[in-house]
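Below is one structure, written out as structure tokens; comments come after it.
Note on naming: letters A, B, ... go to the chains in the order of the sequence lines (proteins, then strands), and numbering restarts at 1 for each one. All heavy atoms count here, side chains included; hydrogens, waters and symmetry mates do not.
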Amino acid sequence: MTEDSTDLFDDLFARRVVPVLVPMPAPKAYSYAVPEGMAVTPGSIVQVPLGPRQVVGVVWDGVQDDAVDPKKLKAITQVFDCPPLSRDMRTFLDWVAAYTVSPPGLVARMALRAPAAFDPEPMIEGLRLTDTRPERMTPARERVIATADNGFTWTRSGLAHAAGTSSSVIDGLTAQGVFETVFMPPPPVVAAPDPDYAEHRLEGPQKQAALDLLESVDAGGFSVSLIDGITGSGKTEVYFEAIAATLKAGKQVLILLPEIALTASFMERFQDRFGSKPAEWHSDLAPRTREKVWRQVTEGGVRVVAGARSALFLPFENLGLIVVDEEHDPAYKQEDRVFYNARDMAVVRARIGDFPVVLVSATPSVESRVNGDLGRYKPIHLPTRFGDAALPDLGLVDMRRHPPERGGFLSPVLLRHIGKALERGEQALLFLNRRGYAPLTLCRVCGHRFQCPDCSTWLVEHRFRGQIQCHHCGYAERTPESCPECGTFDHLVACGPGVERIAEEVDRHFPDARTIVLSSDLMGVKRLRLELEAIAKGEADIVVGTQLVAKGHNFPMMTFVGIVDADIGLANGDPRAAERTFQLLSQVTGRAGRTGLKSLGLLQTYQPQHPVMQAIVSGDSEAFYEREIGEREKALLPPFGRLASIIVSADTRADAEGHARGLRQAAPRVSGISILGPAEAPLALIRGRHRFRLLVHGRRNSDMQAFVKTMLASGPKMRGSVSVQLDIDPQSFL
DNA sequence: AGCACGCCGACT
DNA sequence: GTCGGCGTGCTC
């Protein structure tokens, strides 16, 4: 050992050592030395060396129990000039890590998703008029000086624009000392909202609901309210009152929305009420904007954020309310890396921060309903539509009695009503939750079925693109002209309908109508938003869409909604199938009838007696929930099972069953394990080559966590990472 | 999660 | 003879 390195060790020992969470799936924080003269506190955001690179980490709480090998110990590179994560935020991140059985470093990383935001935003250069005047005056110079002569600081381009000159005039004046350069703080990303800007006049049930909600919000402290109101009942106006009250109390507000519902129309509604738009937070924010929003949220400048689920991990300076709109929406579940449901974690964050949270839905999740029934969440009902918006008439079309013509999928009843809507100059919406042209293609000669080479699923024909695709792994190939098995040409047949095929059928019946297909694979989020606005303006007659038409957009001229196959999704093995179908169908039929125009929704079904169909047409959601809660209890064991999804890599169903057997032995307290195949597992999982998912049912969170740990330690050998999602148990943490 | 190291197949 | 596939292992 050289003298140099001895000195280095002495030096390291003299330093303080702190735990730092690094963005890596390590089970606990790593230890780093704090260099002489550097000040850190728990929550400090720091840069540390990790292997060959520098990463962003967070100084964590406590001391490291077992000392690391001093040879390994490295020093913190720098502390960012940025508010440390608060005590509450750290508690929250720890809680989420423990609950989801995820590495804490990966959870902490979710709070730091803003690459270059940790150093303060640079001051921007501004110009201020001095007493000096130019030797030669020109009309342009006069205008500039007159414009700037108000004591304000201007930006170079702003002043040029305001004075109607080019910026070279200003450069000339600056050179002569007419302007001095001063530095000013960067402008806020959004203007401050004004809680008194345009108060809504609420009446009747809406007013009562707002009063009930304000009672909890004004009381301060933790509470969960569950606003349960049908589409068009004015839920948004009601929770806007809670937002206004929170703003008046000087606190920040987070509104969570499913990504697709973060539309311009929502922002405008907010602006109409509060005079300015909320800051947005979602996956396709421009990086610069993202950094500004993150920074200003941590410093408290941004008062209201409307964001997708990831916004829940923003380190607010002074958060005082979370609203979770469309709380039942499956988009709140993150199903890769850290598995969590933002709706449930919002409740936890509010509990830790001791402030109110408001869950909002026309069709609450069964979990939230149970929590409401048990008195843990405060139910607030909005039973009627307001204004002149009538509910649509809803009916079932029994497909056994009204079959479509050969080769078609639309019953004569549906076609007749589409025609009527067109005659009235109104719009029709056809909903089918299936992308592409046909879900299965086969050869009429040899019976060959096109199957994904990587998954065991059928390839879906996309005729617009001339491709057959796997909807699970993204595999795609050109649609062949001949059968790859027997070589026969022109004998491939499409089986079953997708939206493209329905559009084709509609075109055949209504060749003069403007028909548009809305499907997530045909356009990006931006393009989609534009299309939705265009449709709302009446630039299409018939819209054929997948489930994205169900979310958060209103079409005032849409007076007929036809559900092409209401039965899709009822029998896919997921214990939530009926609930999901009910929520989806409610949302789609809710798109109609908000204008005072008479509107109609028809559902094509082969199971008109099914409880979901009955609930939709009768409007009796109470009976449906009661039944569904009962079914869920039977399926998952009383008092109300907890579901954990455990992702297991298995190439065949038989392998998955082998894993399940091993898991049952490893964890006797787990009450049930069911296997979901590729058709039920989300895309993200399949991409990671995990084809089968085991749904594990247990009674209590502690049981489930113990189970997962046992599994990780001694369970069957599994390839890749094993991930877990726990859905909240109504009896968990309240 | 990244990233390096390392060992076998098709190419300038 | 090299470029590049992804399997394995490590990071305070």
Side-chain angles (χ1 to χ4, degrees), chain A residues 5 8-36 38 40-80 85 90 93-94 96-98 100-116 118 283 287 310 313 334-340 453-454 473-475 646-647 649-651 682-691 708 712-713 717-725:
Chain A
S5 62
L8 179 69
F9 281 92
D10 289 347
D11 191 30
L12 285 174
F13 278 121
R15 293 167 182 178
R16 277 185 303 138
V17 174
V18 292
V20 174
L21 285 185
V22 288
M24 204 197 57
K28 63 190 176 77
Y30 279 1
S31 300
Y32 282 88
V34 184
E36 205 66 48
M38 180 186 278
V40 295
T41 126
S44 291
I45 298 171
V46 294
Q47 189 181 51
V48 291
L50 183 67
R53 68 214 155 105
Q54 294 283 325
V55 296
V56 173
V58 193
V59 177
W60 219 239
D61 302 85
V63 285
Q64 295 293 76
D65 37 7
D66 45 346
V68 287
D69 182 352
K71 277 185 285 234
K72 282 185 174 179
L73 195 64
K74 291 181 185 172
I76 294 172
T77 313
Q78 66 160 316
V79 188
F80 290 102
L85 298 186
R90 282 177 275 133
L93 295 175
D94 272 337
V96 172
T100 61
V101 204
S102 308
L106 293 189
V107 179
R109 195 176 68 150
M110 299 195 296
L112 306 174
R113 281 278 168 81
F118 311 123
S283 58
S310 60
F313 292 91
Q334 171 150 83
E335 302 196 310
D336 65 273
R337 297 185 177 98
V338 179
F339 282 51
Y340 67 92
D454 297 328
C473 67
Y475 171 87
I646 296 184
I647 314 313
S649 168
D651 288 341
L683 205 64
L685 307 181
I686 306 298
R687 287 224 178 91
R689 292 187 162 278
H690 302 288
R691 303 227 182 93
V708 171
L712 291 173
K717 183 141 180 65
M718 289 173 207
R719 196 175 55 194
S721 58
V722 175
S723 305
V724 181
Q725 175 177 317

Q. Does the side chain of Trp60(A) come within less than 4.5 Å of Leu93(A)'s, by heavy atoms?
A. yes

Q.
Quick check: do Val40(A) and Met38(A) have side-chain heavy atoms less than 4.5 Å from each other?
A. yes

(Q) Among residues at least two apart in sequence or on other chains, which ones pass side-chain contact (heavy atoms from CB on, under 4.5 Å) with Pro49(A)? (A) Tyr32(A), Gln54(A), Lys74(A), Thr77(A)

Output a table of nitrogen or oxygen pairs between the protein and nucleotides 6-11 of chain C separated by less than 3.5 Å.
residue : atom : partner  : partner atom : Å
dT11(C) : O3'  : Gly51(A) : N            : 3.0

Q. Which residues pass the ring-ring contact (aromatic ring centres under 6.0 Å, His included) test with Phe313(A), sequence neighbours left out?
A. Phe92(A), Tyr340(A)

Q: In whole angstrom, give the distance that lies between atom CZ of Arg113(A) and atom C1' of dA1(B).
A: 10 Å

Q: Find out whether Met24(A) and Leu50(A) are in side-chain contact, i.e. whether some heavy atom of one side chain is under 4.5 Å from a heavy atom of the other.
A: yes

Q: Rounded off to whole Å, could you give me the CZ-to-P distance for the Arg109(A) and dA1(B) pair?
A: 8 Å

